[in-house]
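What's counted below: heavy atoms across the whole structure, side chains too, no hydrogens, waters or symmetry copies. Proteins come first, then strands; the chains are lettered A, B, ... in the order of their sequence lines, and each starts at number 1.
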Amino acid sequence: MSRHGVIALIPEDCTSCMLCVRECPAWCITLESHTEQVDKADARRPRTINVLDQFTIDYGLCMYCGICIEVCPFDALEWRGDVDYSTVSRVDLDQGMDILAAWG
Amino acid sequence: MTRYRLRDEPGVAVELLNLGLACCSLEVEAAVGSGALASEVGTERSPDSTVLLVSGTVTHALAPAVLRAWERAAEQGPVRVLAFGACATSGGPYWDAPSVVPGVDALIPVSRYVPGCPPGPDSLIAALRREVA
Amino acid sequence: MQVTPEVVMPADWRASAEAMHGWRLDLLTAIDRRESIDVIAHYIRGAEHAWRMTCVPYDGALASISDLHPAAAWSERETSEMFGVRIGEGVPLLRHDHDTRPPMRKVTPLPARVETPWPGAAEPGDDGRQGANPSRRRTRPPGVQPEWEL
Ligand code: SF4
Ligand code: SF4
Ligand code: SF4
């Protein structure tokens with residue numbers, strides 16, 4: 001585990017299950033997803049999967065409690081060490097999944 | 001108000017007014033304690049920048065005092081306001097509390113937001129460097 | 001640290017505080033149990049910790065212990081007004097708008113939690129396009145009490 005700098009998302013591992021969104025005491029995670037059917041040659045019926053469209057953390061509100069990281073069943077969230085994350089505008093603290101995935 | 005020199009930017013002197021309203025203020029002390037912010041007490045050199053650091057929870061009861069501190073500092077010259085931590089940025093863990101101002105930018109203009117609960121001393125230094133260097 | 005409090009009757013609250021002579025009162029606060037208020041005191045002596053608890057009905061009152069443990073003075077006033085339980089004189093400390101409900105009672109809604117749409121209300125995979133994807137289970141957001149009107 002890295003030092004508690006920022007919370008990062010690994011989008012490939014996120015199943016859009018909404019657990020973190022629902023457990024977050026600050027209500028600062030929002031998630032958008034849709035369902036898609038995948039046809040598999042060997043499966044009798046097409047399977048429905050959730051596809052993640054957007055995942056946002058409002059860092060202005062986040063209390064760094066780590067509950068989202070703890071509850072994620074798929075380890076799609078983790079601490080990373082970035083410390084230089086200040087912004088000049090409040091709305092820029094709403095950080096979408098491109099930023100969340102790229103934290104160092 | 002105390003004058004500091006940033007260890008990593010020795011050429012920059014910053015006048016820091018820390019409104020330490022809650023736990024975040026300890027991180028400012030940690031930055032001083034670690035030497036990342038070096039006190040410049042007694043030097044003649046005028047500061048390159050004046051920064052009002054709001055570190056902690058702004059309650060409605062304290063809002064007039066915060067506003068006064070900013071007005072006083074602004075009378076002396078330009079002031080940059082750093083909202084340090086989730087409380088100063090948005091109310092943070094107390095965003096739902098009726099007694100807490102949901103972000104100090106409701107009272108005074110903020111130049112830079114440093115999220116975190118609390119942000120560490122490294123984040124303070126990084127933000128100060130971006131703001132004054 | 002021992003965390004199981006010793007429970008005393010409200011009438012014995014002062015006696016229990018008297019028995020803690022020589023201890024330092026570290027904390028006095030309360031928990032809303034929805035029909036009554038549990039008032040809790042935490043005492044310290046050296047490395048020792050002790051908890052005392054009593055249960056006061058919503059319309060009940062508790063005698064002050066601030067003459068025995070002066071540190072209780074602030075906490076008793078704070079607990080009185082935040083939880084709406086009468087301790088001693090109940091002189092206002094922070095809140096002077098006593099026509100509003102005590103903020104720490106569970107029935108007192110937090111307006112921000114009522115007015116802000118909860119991001120957890122969406123269902124996985126529901127982008128609103130399919131229409132019929134009603135939530136199977138109504139989940140209550142964290143920090144929201146069932147009696148609040150949503
Ligand atoms: S760390 Fe806590 S407050 Fe921040 S997004 Fe995760 S659950 Fe929410
Ligand atoms: S708990 Fe994990 S898998 Fe579920 S939505 Fe959050 S990040 Fe994605
Ligand atoms: S942001 Fe967190 S650490 Fe900072 S003052 Fe608020 S509660 Fe304390």
A.B. asks: Under 3.5 Å, is there a donor-acceptor pair linking the side chains of A:H34 and A:N50?
C.D. replies: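 Judged by distance alone, the side chains do not pair up.
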A.B. asks: C:P119, C:P117, C:G143, C:G120: which one forms the most heavy-atom pairs within less than 4.5 Å of chain A?
C.D. replies: C:P119
A.B. asks: Can the positive tip of C:R140 be found less than 6.0 Å from the middle of the six-membered ring of C:W148, inside 45° of the ring normal?
C.D. replies: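 The answer is no; the distance or angle limit is not met.
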A.B. asks: Could you label the plane-to-plane angle of the A:Y64 and A:W79 rings as parallel, tilted or perpendicular, counting under 30° as parallel and over 60° as perpendicular?
C.D. replies: tilted
A.B. asks: Determine the interplanar angle of the C:W23 and C:Y43 rings, folded into 0 to 90°, and report it as parallel if under 30°, tilted if 30 to 60°, perpendicular if over 60°.
C.D. replies: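 Answer is perpendicular, since the angle exceeds 60°.
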A.B. asks: Please assess C:V85 against C:Y58 for the test side-chain contact (heavy atoms from CB on, under 4.5 Å), listing each intermediate value before the final yes or no.
C.D. replies: CA-CA 6 Å; C:V85 58; C:Y58 271 178; over 6 Å; no
A.B. asks: List the residues meeting side-chain hydrogen bond (donor to acceptor under 3.5 Å, both in side chains) with A:S89, not counting sequence neighbours, and say none if there are none.
C.D. replies: A:D92
A.B. asks: Here's a test for you: under side-chain contact (heavy atoms from CB on, under 4.5 Å), which of C:M20, C:R14, C:H21 qualifies with C:L68?
C.D. replies: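 Of C:M20, C:R14, C:H21, side-chain contact (heavy atoms from CB on, under 4.5 Å) with C:L68 is met by C:R14 alone.
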A.B. asks: Using only non-hydrogen atoms and a strict under-4.5 angstrom cutoff, which residues of residues 6-20 of chain A touch chain C?
C.D. replies: A:S16, A:C17, A:M18
A.B. asks: For A:E23, is it the side chain, the backbone, both, or neither that has a heavy atom closer than 4.5 Å to a heavy atom of chain C?
C.D. replies: backbone
